[in-house]
Amino acid sequence: MSLALQTFSTVKDANAALQVSGTLYLGGGTLVIRAANEGDVSVSNLIRVTEPSLSAISVSNGKARLGASVTMAAIARQPELAPLAPAARAVGGPAIRNMATVGGNLFAPAPYGDFAVALLALDASVATEDGETPMEAFLAGRDAGRAIVTAVEFSLPRAESFRFLKVSRVKPKGISVLSIAALLQRTADGTVTSARIALGCMADRPMRAKAAEKALLGHKLTAEEIAPALSAASDGIAPITDPIASAWYRGQVLPVHLGRLLLS
Amino acid sequence: MAKVPVQFTLNGSEKAEFIESGTTLLHALRDKIGDTSPKGGCHQGTCGACSVIIDGELKLCCLTLAETCNGADIRTTAGLAQGGVLHPLQRAFLDAFATQCGFCTPGMIMAAKVLLDRTPNPSREDVVEALSGNICRCTGYEPIIQAVLLAARANSQNAA
Ligand SMILES: Cc1cc2nc3c(=O)[nH]c(=O)nc-3n(C[C@H](O)[C@H](O)[C@H](O)COP(=O)(O)OP(=O)(O)OC[C@H]3O[C@@H](n4cnc5c(N)ncnc54)[C@H](O)[C@@H]3O)c2cc1C
Ligand code: FES
Ligand code: FES
């Protein structure tokens, strides 16, 4: 293994250095250094930034902004981010959560990316020096981008409108069989007026369950009324196969877990 | 490969070394500085045997580059015993038969230490959660959980 790390104090300088081919940004390193330790020779020149704004969390006027270097542990212990704590706590064990960053989670391939699933349901925007990109478009283009992500921003959901579920085989910590996040607005009588549902492990990166979202509109969250949404949940999915579960299994259990989440 | 200086505090004493850029903290601690208490089990972040405490937080030193630790306060199991007297956690691991081959033990003890530093009287669930990133292939975990609870009780009796 031969690694070299360059440290920059500003995102601007680091972005310039990242344009050199063969360089990779280092977040918490839980995926990058792991790959290097495993013998991945494509990981050689690493770049990191110490700019303090990357580690900042700010919450004001119902909006939250998380710097890209904010860790899962920092999110989980921030009372103002309580609705997101279950998603942050879903990532790895305690030591991983002290290292794993928001920025890194946006790039994590399935079965990882549990926090990114939550951000997709929340319609977060992803900031780079070039501007802001909606989460869905960001995920679609993430392999081509070479700009450092500086922050993510989203409207903080009310606790009762946001739900997150991670299914794993090992308790209390394990890799995802799947994860689901749902942002649901409902009228006083419980009728769904808007729905955003994001799925993890149903493709190589988080994806939306758009057919299921549509099928929920105008319905209440009862076993009978959510049935069409559960049948539609599998629309367009291409689950991954890994040692945790096969694509077939993931596809089979998706409606079951979505149903549990919606009825919880 | 270019050498870079790193300087940090290890168990209270200053350390300064020239290391190759890209060296993991695990490698630096074990092979450069001579603290072999963090173990290299998987080098993948999965086993927790390399757990150390950096600036009060549990981290995996197999996935941490040493040069990112400049100025940090690093604690390992090697620094726990004071004047030949074992730390209450080390004592409890012995008394509760929580260590067999011992390979996971330093990581388990570091994970338990950050828990007890913040939560002196943890519940069983707290202990299970705190150790959830650490794998043991020998004990079946129950003696380890009991050892952490025992150390917590010993601490609170000493404090009373
Ligand atoms: C044992 C173990 C268990 C894990 N369990 C989970 C889990 O349960 N759920 C889960 O979601 N993940 C899990 N992971 C994966 C990983 O820890 C997380 O996805 C984490 O959030 C990745 O963040 P990082 O900062 O460590 O990324 P890094 O390893 O630093 O980077 C990952 C990728 O993202 C890029 N990148 C990072 N930050 C930026 C940025 N700001 N701008 C541009 N590019 C960037 C890097 O160049 C790299 O390609 C686990 C990993 C391990 C080792
Ligand atoms: S050696 Fe670091 S987690 Fe296994
Ligand atoms: S005592 Fe052998 S691995 Fe835990």
Side-chain angles (χ1 to χ4, degrees), chain A residues 1-9 23-41 43-50 55 69 71-74 76-77 85 89-101 104 108 112 168 170-175 243-244, chain B residues 1-4 6 19-27 38 40-71 107-108 110-115 118-119 124-135 141:
Chain A
M1 177 184 79
S2 154
L3 279 183
L5 175 69
Q6 281 177 280
T7 300
F8 294 89
S9 54
T23 52
L24 196 61
Y25 186 77
L26 175 68
T30 58
L31 290 172
V32 169
I33 306 297
R34 176 154 90 156
N37 286 349
E38 206 171 34
D40 181 344
V41 289
V43 182
S44 56
N45 292 309
L46 298 174
I47 284 176
R48 75 175 180 135
V49 186
T50 53
S55 303
S69 304
T71 62
M72 296 299 135
R77 65 174 169 251
R89 260 190 234 111
V91 175
I96 289 285
R97 288 197 287 278
N98 285 333
M99 303 172 74
T101 66
Y112 300 135
S168 56
V170 182
K171 302 283 182 315
K173 160 210 114 113
I175 292 165
I244 305 294
Chain B
M1 192 57 60
K3 295 234 177 187
V4 289
V6 286
I19 54 156
E20 284 182 2
S21 180
T23 303
T24 63
L25 180 62
L26 177 65
H27 186 53
C42 65
H43 304 268
Q44 296 290 294
T46 340
C47 74
C50 67
S51 302
V52 298
I53 302 175
I54 303 179
D55 292 333
E57 292 198 326
L58 192 70
K59 301 257 171 101
L60 302 171
C61 66
C62 72
L63 299 181
T64 303
L65 295 187
E67 62 210 274
T68 63
C69 298
N70 262 317
M108 289 286 182
M110 286 291 104
K113 183 166 189 309
V114 282
L115 169 71
R118 286 180 198 168
T119 314
R124 191 178 189 284
E125 288 67 39
D126 293 335
V127 176
V128 170
E129 170 61 35
L131 302 180
S132 62
N134 295 70
I135 291 176
Y141 298 101

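This one's a predicted model, so the numbers in the text were calculated from it and none came from an experiment. A, B, ... follow the sequence lines: proteins, then strands. Residue 1 opens every chain.
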Can you say whether [X] sits under 4.5 Å from chain B via the side chain, the backbone, both, or neither, judging by heavy atoms?
X: A:Arg48; result: side chain
X: A:Leu26; result: side chain
X: A:Leu46; result: side chain

Legend entry - Donor-acceptor under 3.5 Å (A:Asn98 side chain, B:Leu58 main chain):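 Side chain of A:Asn98 to backbone of B:Leu58, a donor-acceptor pair under 3.5 Å: yes, one is there.
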Inset, instruction - Output yes when a side-chain donor or acceptor of A:Asn37 lies under 3.5 Å from a complementary backbone atom of B:Cys62, and no otherwise. - result: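 Judged by distance alone, yes, a pair lies under 3.5 Å.
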[X] to [Y] - nearest heavy-atom pair and separation:
X: B:Ser132; Y: A:Gly93; answer: OG-CA, 4.1 Å
X: B:Ser21; Y: A:Ala4; answer: OG-CA, 3.4 Å
X: B:Thr46; Y: A:Arg34; answer: OG1-NH1, 4.4 Å

Atom pair [atom1] ([X]) and [atom2] ([Y]), whose distance is rounded to the nearest 0.5 Å:
X: B:Gln44; Y: A:Leu31; atom1: CD; atom2: CG; answer: 10.5 Å
X: A:Glu38; Y: B:His43; atom1: CD; atom2: NE2; answer: 12.0 Å
X: B:Glu67; Y: A:Leu3; atom1: CD; atom2: CG; answer: 9.0 Å

Inset, instruction - Tell me, for B:Leu65 versus chain A, whether the close heavy atoms (under 4.5 Å) come from the side chain, the backbone, both or neither. - result: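 Just its side chain gets close to chain A.
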Inset, instruction - Look at A:Lys171 together with B:Glu125 and state whether they make a salt bridge at an N to O cut-off of under 4.0 Å. - result: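 Here A:Lys171 does not pair with B:Glu125 in a salt bridge, since their nearest N and O are not under 4.0 Å apart.
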Inset, instruction - Test A:Ile33 against B:Thr64 for side chain to side chain contact (heavy atoms under 4.5 Å, CB included), laying out the working first. - result: CA-CA 7 Å; A:Ile33 306 297; B:Thr64 303; over 6 Å; no
Inset, instruction - Sort out for me which of B:Val128, B:Val4, B:Thr68 touches chain A most, counting heavy-atom pairs under 4.5 Å. - result: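 Answer, by heavy-atom pair count under 4.5 Å with chain A: B:Thr68.
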